Amino acid sequence: MTRNRIYLCLAHMSGREQDFIKEAFDTNWVVPMGPNVNGFEADLENFVNTKFSTHNTQSGSADENRVLGNGHCALSKKVVGLSAGTAAVHLALQACGVGKGDEVIVQSFTFCASSHPITYLGATPVFVDSERESWNMDPELLEAAIKDRIAKTGKKPKAIVPVALYGMPYAIDRIMEIAGRYEIPVIEDAAEGLGSRFDGQVLGTFGRYGVLSFNGNKMITTSGGGALICPDEASAKEILYYATQAREAYPYYQHTDIGYNYRMSNICAGIGRGQMTVIDDHIAHHKHVQALYKELLNGVGGVTLHENPSPRYDSNFWLCTVTLDPSLKIKGQENAYAEILHGAVGGAAGVVHAAKTPTTDCQPNANVEAMRLALDAANVEARPLWKPMHRQPVYKDAPAYVNGVAESLFAIGLCLPAGPYVTDDDVRYIVDTIKNSIDS
């Protein structure tokens with residue numbers, strides 16, 4: 001019997017989603033506004049504004065549930081539901097005054113949605129490499145980049161965009177201190193980090209704006225969708241104005257500004273309201289899976305699990321990630337990259353242009369690709385880490401401040417399944433497949 005496919009991360013439905021969706025149809029709120037949108041935003045505000053006085057465990061144990069009860073609403077952020085996390089990045093950049101000819105500092109080790117909206121506005125991304133502890137934006141390199149851009153262009157970058165890679169918090173205390181000294185707003189890309197915390201505070205609430213994503217593979221989903229965490233009511237109203245085609249309050253359509261069709265639909269928000277009833281369970285499960293990987297991979301030479309750098313970091317472990325020592329030999333490694341891929345790895349939507357060559361000038365090591373193929377043959381979805389943006393052909397001319405960390409991690413890293421549908425038996429099967437794939 002063939003084992004069912006084990007996917008990296010698929011959202012788990014709570015059962016409440018259909019109730020909210022049915023209510024939307026019954027009341028004819030099948031539009032990008034309505035009670036579900038308002039309710040979802042209120043649920044998110046309650047979640048992100050709650051700060052914990054102590055750190056969570058990584059295990060998702062009963063002790064963690066006790067810690068969750070110690071949270072208190074210490075913040076007063078507002079949340080606007082949008083059609084995608086990318087839309088949230090775009091509107092946050094615009095709200096920070098980013099326009100043609102400007103520069104925005106953005107983490108290089110990320111998905112393209114962190115940087116593409118910069119170009120939508122006619123600005124230039126300035127890529128900054130990572131530090132090894134969190135794999136996220138290196139604060140020292142960030143300040144060096146700011147100083148150099150001021151020296152070269154005569155003006156400061158308009159914004160700084162750190163990214164919670166695979167849910168791991170960034171060194172936000174140091175990033176905010178540097179940003180404060182240079183008076184540059186921070187837009188936190190916490191698309192992968194919903195529920196991750198630094199010093200007990202939810203990611204996305206430190207900077208001026210915070211980006212969330214509810215894509216089908218995130219911690220919770222609205223099938224597609226996102227949200228922007230805003231500093232106050234006035235900022236949220238301005239974001240909402242631009243997210244709804246910049247319509248003015250007349251009995252006819254009048255527009256003074258260019259807006260966008262970025263508002264979340266009432267149907268999608270209904271899914272989100274149901275998902276909010278299980279968000280704590282999802283986070284606890286991801287942490288439990290991380291802890292089980294740690295236990296089972298202990299003693300497996302050449303395979304290292306990425307973990308929280310210190311108790312201040314509280315990752316949601318959206319995906320669990322490992323690195324493979326370059327000297328580790330994997331069965332079939334000699335055949336890695338032997339064929340050109342056709343279609344999307346893992347069934348990703350929206351692909352694509354066909355690959356022209358089996359290799360590029362920046363790719364994971366052969367043993368990483370061989371391990372991915374071995375897991376794929378065992379019906380386990382695994383993927384390389386994000387390819388650094390400064391090594392993407394589309395950004396070949398963009399300024400970049402690098403230290404080699406992102407490229408070195410991309411060469412040796414692999415993402416393993418961690419979603420709500422991943423069982424303990426699945427994790428054991430995945431680890432057994434990893435062990436059996438190592439050429440002893």
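Just so you know, residue 1 is the first one in the sequence shown, and it goes up from there. Quick caveat, the model's predicted, so the values are computed rather than measured.
With respect to the salt-bridge test (charged N to carboxylate O, under 4.0 angstrom), the residues Lys77 and Glu45 do not qualify. In this structure, Arg174 pairs ionically with Glu140, as a charged nitrogen and a carboxylate oxygen lie closer than 4.0 Å. Salt-bridge formation is detected for the pair Arg312/Asp199: a Lys NZ or Arg NE/NH1/NH2 atom is positioned less than 4.0 Å from an Asp or Glu carboxylate oxygen. Between Glu143 and Arg181, at least one side-chain N (NZ, or NE/NH1/NH2) sits under 4.0 Å from a carboxylate O, which counts as a salt bridge. Taking a cutoff of 4.0 Å between a charged side-chain nitrogen and a carboxylate oxygen, Arg263 and Glu41 qualify as a salt bridge. Comment: Arg208 does not engage Asp232 in a salt bridge, judged by the lack of any side-chain N to carboxylate O separation of less than 4.0 angstrom.
The closest side-chain donor-acceptor pair between Asp426 and Thr423 falls under 3.5 angstrom. Arg3 and Asn379 are not linked by any side-chain donor-acceptor pair at a separation below 3.5 angstrom, with hydrogens and angles left out of the test. Looking at Glu188 and Tyr170, their side chains do bring a donor and an acceptor atom within 3.5 Å of each other. Side-chain contact check for His116 and Tyr395: at least one donor-acceptor pair (N or O, by modelled atom type) lies under 3.5 Å. Ser130 and Asp138 are not linked by any side-chain donor-acceptor pair at a separation below 3.5 angstrom, with hydrogens and angles left out of the test. Between the side chains of Gln333 and Asp439, no donor-acceptor pair is found at a separation under 3.5 Å.
Side-chain rings of His306 and Trp135 approach one another, their centers coming within less than 6.0 Å. Aromatic rings from His390 and Tyr401 are positioned such that their centres are separated by 6.0 Å or more.
Two residues are said to be in side-chain contact when any heavy atoms from C-beta on lie closer than 4.5 Å; Phe47 and Ile279 meet this criterion. A heavy-atom distance below 4.5 Å is not found between the side chains of Tyr293 and Thr321. Looking at Phe40 and Leu44, their side chains come closer than 4.5 Å, going by heavy atoms from C-beta outward. Considering only heavy atoms from C-beta on, Arg197 stays 4.5 Å or farther from Leu203 through its side chain.
Between atom NZ of residue Lys158 and atom CD1 of residue Ile118 there is a gap of 13.0 Å, rounded to the nearest 0.5 Å. We find the CZ-CD1 distance between Phe127 and Ile105 to be 11.5 Å, quoted to the nearest 0.5 Å.
Nearest heavy atoms, Gly97 versus Asp102: O-OD2, 3.5 Å. Nearest approach of Val289 to Val422, heavy atoms of both residues: CG2-O, 4.2 Å.
Classified by interplanar angle (parallel below 30°, tilted 30° to 60°, perpendicular above 60°), the ring pair His285/His288 is tilted. Relative ring orientation between Trp386 and Tyr166 is described as parallel, the plane-to-plane angle staying below 30° on a 0-90° scale split at 30° and 60°.
Surrounding CD of Glu334 are more than 12 heavy atoms belonging to other residues, nucleotides or ligands, all under 6.0 Å away.
Cation-pi contact between Arg391 and Phe410: absent, since separation from the ring centre below 6.0 Å together with deviation from the ring axis within 45° is not met.
Remark: of the listed residues Ile430, Leu297, Val300, Val300 is the sole one forming a side chain to side chain contact (heavy atoms under 4.5 Å, CB included) with Lys435.
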